[in-house]
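First the structure, in the form of structure tokens, and then the observations on it.
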Amino acid sequence: MPVAKPASSEARVIAHLDMDCFYVQVEQRKQPQLRGLPTAVVQYNEWKGGGLIAVSYEARKFGVKRSMRGDEAKSVCPQIQLVQVPIARGKADLSIYRDAGSEVVSILAKMGRCERASIDEVYLDLTDAAETMLAESPPESLDDEALKSHVLGLVDDGTDAKECVKIWLQRSDADHNDKLLSCGALIVAELRNNVLKETEFTCSAGIAHNKMLAKLASGLNKPAQQTIVPSASVKEFLGPWPIKKMKQLGGKLGDSLQSDLGINTVGDLLQYSEQKLQERYGFNTGAWLWNIARGVSGEEVKGRILPQSHGSGKTFPGPRALRSIDTVSHWLKKLCEELSERILADLDQNKRIAHTLTLHVRANKSSDTDSQKKFPSKSCPLRYGITKIQEDALSLFHAGLREFMGTYVARSEKNQNNEWGVTGLSVSASKIISAPQGTCSIRKFFPSQCAVSTISSEDTNNDPNLEWSAVAKFSCPLLAVCELALQSAQHLKFSRIKPIENNWNSESGAFVEMEDNTIMHDISSLDPNVDERKSQKNQDEDDHGIELAVGGEAWAAGGKG
DNA sequence: CTTGGCCCGGTTC
DNA sequence: TGAACCGGG
């Protein structure tokens with residue numbers, strides 16, 4: 001549900017940048033001979049030429065649409081160049097596009113608060129930059145790219161369009177807000193030039209006082225153009241706009257507005273009072289609707305340039321549905337391999353750790369009765385390492401399958417069955433938390449409830465491999481501490497766990513280098529008796545002391561603390 | 001069998 | 001907290 005947010009009192013300058021047919025551009029950069037040719041990117045070539053997921057503007061002129069299959073595109077545009085999405089592990093691999101998007105973001109993020117809205121879209125809050133420019137260096141000589149801006153509501157009286165824009169951008173009698181937008185447009189023009197220079201990608205942009213208007217504007221003039229939305233032109237611009245094309249109104253809420261109230265355009269919505277809308281759609285949604293009809297939106301640009309989750313999925317439509325545990329396991333393995341690769345790259349590049357693994361399954365049941373029953377999603381703590389992830393994902397699948405099929409387990413698990421068919425699988429990693437950088441105190445890794453009786457940092461400092469290290473003694477239930485310690489120490493390159501008590505029957509108190517150079521997950525690899533301890537957990541509620549020593553390399557590459 | 005496949009974010013309970 | 005659902009590209 002949309003939430004009504006008050007527009008901030010001070011005018012903001014918000015830009016929305018949208019890469020032009022992004023996947024095509026990525027492929028054209030890779031194969032420059034494709035530039036200027038009608039081109040489309042397809043995935044899965046085997047069925048009717050694959051599905052189009054991006055279409056170049058040259059190809060659009062021939063009527064090629066994103067909804068088409070490759071064969072269909074060939075028939076309306078025989079010379080079209082079809083490029084396949086890379087395939088890895090038997091599934092489409094979008095990583096080259098994700099990485100290309102990151103290139104763009106890293107350029108844009110220098111200028112102001114930056115929100116990565118999708119693989120090819122970014123919002124920027126340029127308020128500060130625009131205010132600064134207005135105060136210190138008001139627009140004088142104008143970049144050619146800025147002169148090519150479109151200004152909504154600016155009447156082109158037949159004279160040179162660039163001259164009109166130039167006059168508009170430099171008007172001294174403009175109000176403060178319009179001047180801010182002018183500065184924003186100059187900044188965006190420069191940013192787009194930088195992006196083009198550094199990545200060879202073109203993009204289009206909208207510049208307005210809020211996200212909603214900026215987003216609508218960025219789509220008005222494509223490709224490689226930018227559009228400004230002055231406040232004075234909002235009403236005229238928004239009035240005829242189809243209600244279903246407003247962000248958040250593309251689904252059921254938009255349907256309801258259309259069929260229940262006969263609202264087809266934003267202008268139609270204007271006739272309803274805030275109270276009426278609130279009566280029908282609730283306080284928040286009603287207020288939000290009333291505001292957006294007037295081009296008012298307070299939604300802020302989130303400062304986030306990294307994704308909050310990673311997912312890897314594949315569908316198995318109709319006859320290709322998976323009908324045995326073995327095939328499900330096979331595909332889960334592939335998906336988990338990709339996921340593992342991506343979270344390790346995130347750890348390496350961004351020092352972030354994912355904490356939750358979730359499995360989503362789409363499945364059908366042939367034993368009808370309630371065949372619409374959905375396969376339940378399941379999640380669990382994420383342990384690093386592809387084998388662990390795959391094991392956990394398979395466990396989640398079994399748990400979900402039991403619920404899906406009812407308490408009685410299907411008979412044939414190994415081989416083909418006729419009870420169920422899996423038509424979609426996806427694994428995702430979420431709850432991604434930044435790891436602390438550089439040298440830090442061990443206290444940071446433990447919640448305050450967990451009493452730390454002593455902390456010292458001398459006794460492991462002689463290890464030359466470690467940038468930092470510390471020892472702490474805890475008074476907590478032993479297993480709780482162990483689990484906590486391992487969760488917290490996940491990002492450490494080295495760790496050591498040694499109980500104070502003598503009954504810890506293990507030689508493994510010494511430092512252990514993690515086999516995959518990343519993470520230790522499992523205390524049982526250190527102490528073979530841990531399973532016994534676990535079974536005694538309930539009767540063993542007494543506090544235990546434990547000495548935990550952890551150490552790690554500082555995150556900064558090359559290691560300075 | 002298809003405006004899908006493969007993603008991502010947010011809200012609600 | 002997890003899970004269902006919604007909406008977007």
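Note that the coordinates shown come from a computational prediction; the quantities given were computed from them, not determined experimentally. Only heavy atoms go into these numbers, but all of them, side chains included; no hydrogens, no water, no symmetry mates.
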Pairing residues for Arg342(A) by the salt bridge (Lys or Arg N to Asp or Glu O under 4.0 Å) criterion, not counting sequence neighbours
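Residues passing salt bridge (Lys or Arg N to Asp or Glu O under 4.0 Å) with Arg342(A): Glu338(A).
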Suppose we screen for salt bridge (Lys or Arg N to Asp or Glu O under 4.0 Å). Which residues come up paired with Asp18(A), at least two apart in sequence or across chains?
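Asp18(A) satisfies salt bridge (Lys or Arg N to Asp or Glu O under 4.0 Å) with no residue once adjacent residues are dropped.
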Salt bridge (charged side-chain N to carboxylate O under 4.0 Å, His left out): which pairs involve residues 204-216 of chain A, sequence neighbours left out?
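For residues 204-216 of chain A, and leaving out neighbouring residues, the salt bridge (charged side-chain N to carboxylate O under 4.0 Å, His left out) pairs sorted by first residue read Glu115(A)-Lys211(A), Glu121(A)-Lys215(A), Lys211(A)-Glu299(A).
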Taking only residues at least two apart or on different chains, which pairs with a member in residues 64-86 of chain A satisfy salt bridge (charged side-chain N to carboxylate O under 4.0 Å, His left out)?
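Qualifying pairs, neighbours excluded: none.
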Whether the side chain of [X] engages the backbone of [Y] through a donor-acceptor N/O pair (distance < 3.5 Å, no angle test) should be reported.
X: Ser106(A); Y: Glu103(A); answer: yes
X: Lys244(A); Y: Gly250(A); answer: yes
X: Thr285(A); Y: Gly282(A); answer: no

Quick one: CG on Asp120(A) to CG on Leu17(A), what's the gap to the nearest 0.5 Å?
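If we round to the nearest 0.5 Å, Asp120(A):CG and Leu17(A):CG are 11.0 Å apart.
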Atom CD1 of Ile263(A) and atom CG of Leu277(A): how far apart are they, to the nearest 0.5 Å?
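Result: 6.5 Å between the selected atoms.
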Would you mind classifying the nucleic acid contact of [X] as base, sugar-phosphate or nothing, using non-hydrogen atoms under 4.0 angstrom?
X: Pro319(A); answer: nothing
X: Met19(A); answer: nothing
X: Thr358(A); answer: nothing
X: Arg362(A); answer: nothing
X: Lys431(A); answer: sugar-phosphate

From [atom1] of [X] over to [atom2] of [N], roughly how many Å is that when rounded to an integer?
X: Asn284(A); N: dT12(B); atom1: CG; atom2: C1'; value: 13 Å
X: Asp93(A); N: dC7(B); atom1: CG; atom2: C1'; value: 12 Å
X: His360(A); N: dC7(B); atom1: NE2; atom2: C1'; value: 12 Å
X: His310(A); N: dC6(B); atom1: NE2; atom2: C1'; value: 15 Å
X: Tyr281(A); N: dT11(B); atom1: OH; atom2: C1'; value: 18 Å
X: Leu253(A); N: dG10(B); atom1: CG; atom2: C1'; value: 15 Å
X: Asp120(A); N: dC8(B); atom1: CG; atom2: P; value: 13 Å
X: Ile96(A); N: dC6(B); atom1: CD1; atom2: P; value: 16 Å

Heavy-atom count check: over 12 atoms from other residues, nucleotides or ligands less than 6.0 Å from Glu198(A) CD?
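Correct, the count exceeds 12.
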Run the salt-bridge test on Arg383(A) and Glu391(A) with the 4.0 Å N-O cut-off and return the result as yes or no.
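Answer for the salt bridge query: yes.
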Distance check, P atoms only: dC6(B) and dC1(B), in whole angstrom units.
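Rounded to whole Å, the distance is 15 Å.
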Say we look at dT3(B) and dG8(C): how far apart would their C1' atoms be, to the nearest angstrom?
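Pairwise C1' distance, dT3(B) against dG8(C), rounds to 14 Å.
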Got a sec? Which of residues 198-205 of chain A come in under 4.0 Å of DNA chain B, heavy atoms?
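The stretch gives none, as no residue of it lies under 4.0 Å from the strand.
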Using a 4.0 Å cut-off on heavy atoms, which residues in residues 212-221 of chain A reach DNA chain B? List them by number, or say none.
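Going residue by residue through residues 212-221 of chain A, none turns out to have a heavy atom under 4.0 Å of DNA chain B.
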Candidates dG10(B), dC6(B), dC8(B) - which lies nearest the side chain of Gln308(A)
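Taking heavy atoms from C-beta onward, the closest nucleotide is dG10(B).
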Can you name the residues that form a side chain to side chain contact (heavy atoms under 4.5 Å, CB included) with Asp20(A), not counting sequence neighbours?
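Partners of Asp20(A) under the side chain to side chain contact (heavy atoms under 4.5 Å, CB included) test: Gln25(A), Tyr57(A), Thr202(A), Ser204(A), Lys222(A), Pro223(A), Ala224(A).
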For Ile305(A), check side chain to side chain contact (heavy atoms under 4.5 Å, CB included) against everything at least two apart and list the hits.
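For Ile305(A) the side chain to side chain contact (heavy atoms under 4.5 Å, CB included) partners, ignoring immediate neighbours, are Val105(A), Ala109(A), Cys114(A).
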Sequence neighbours excluded, which residues qualify as ring pair (Phe, Tyr, Trp, His ring centres under 6.0 Å) partners of Trp290(A)?
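By the ring pair (Phe, Tyr, Trp, His ring centres under 6.0 Å) rule, Trp290(A) matches no residue at all.
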DNA chain C: 5'-most and 3'-most nucleotides touching chain A, 4.0 angstrom heavy-atom criterion
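In short, chain A contacts DNA chain C from dG2(C) to dG9(C).
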Please confirm whether the shortest side-chain N or O distance from Ser118(A) to OP1 or OP2 of dG9(B) is below 4.0 Å.
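For dG9(B), OP1/OP2 do not have a side-chain N/O of Ser118(A) under 4.0 Å.
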Hey, which of these two, Arg116(A) or Ala92(A), hits DNA chain B nearer its 5' end, going by closest nucleotide?
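Nearer the 5' end of the strand: Ala92(A).
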Polar atoms only, N or O, under 3.5 Å: list the protein pairs with nucleotides 2-4 of chain B and their distances.
| from | atom 1 | to | atom 2 | distance (Å) |
| --- | --- | --- | --- | --- |
| dT2(B) | O2 | Arg69(A) | NH1 | 2.2 |

Name each donor-acceptor pair under 3.5 Å that joins a side chain in residues 421-430 of chain A to protein atoms two or more places apart or in another chain, with its distance.
| from | atom 1 | to | atom 2 | distance (Å) |
| --- | --- | --- | --- | --- |
| Thr423(A) | OG1 | Arg362(A) | O | 3.3 |
| Thr423(A) | OG1 | Arg362(A) | NH2 | 3.4 |

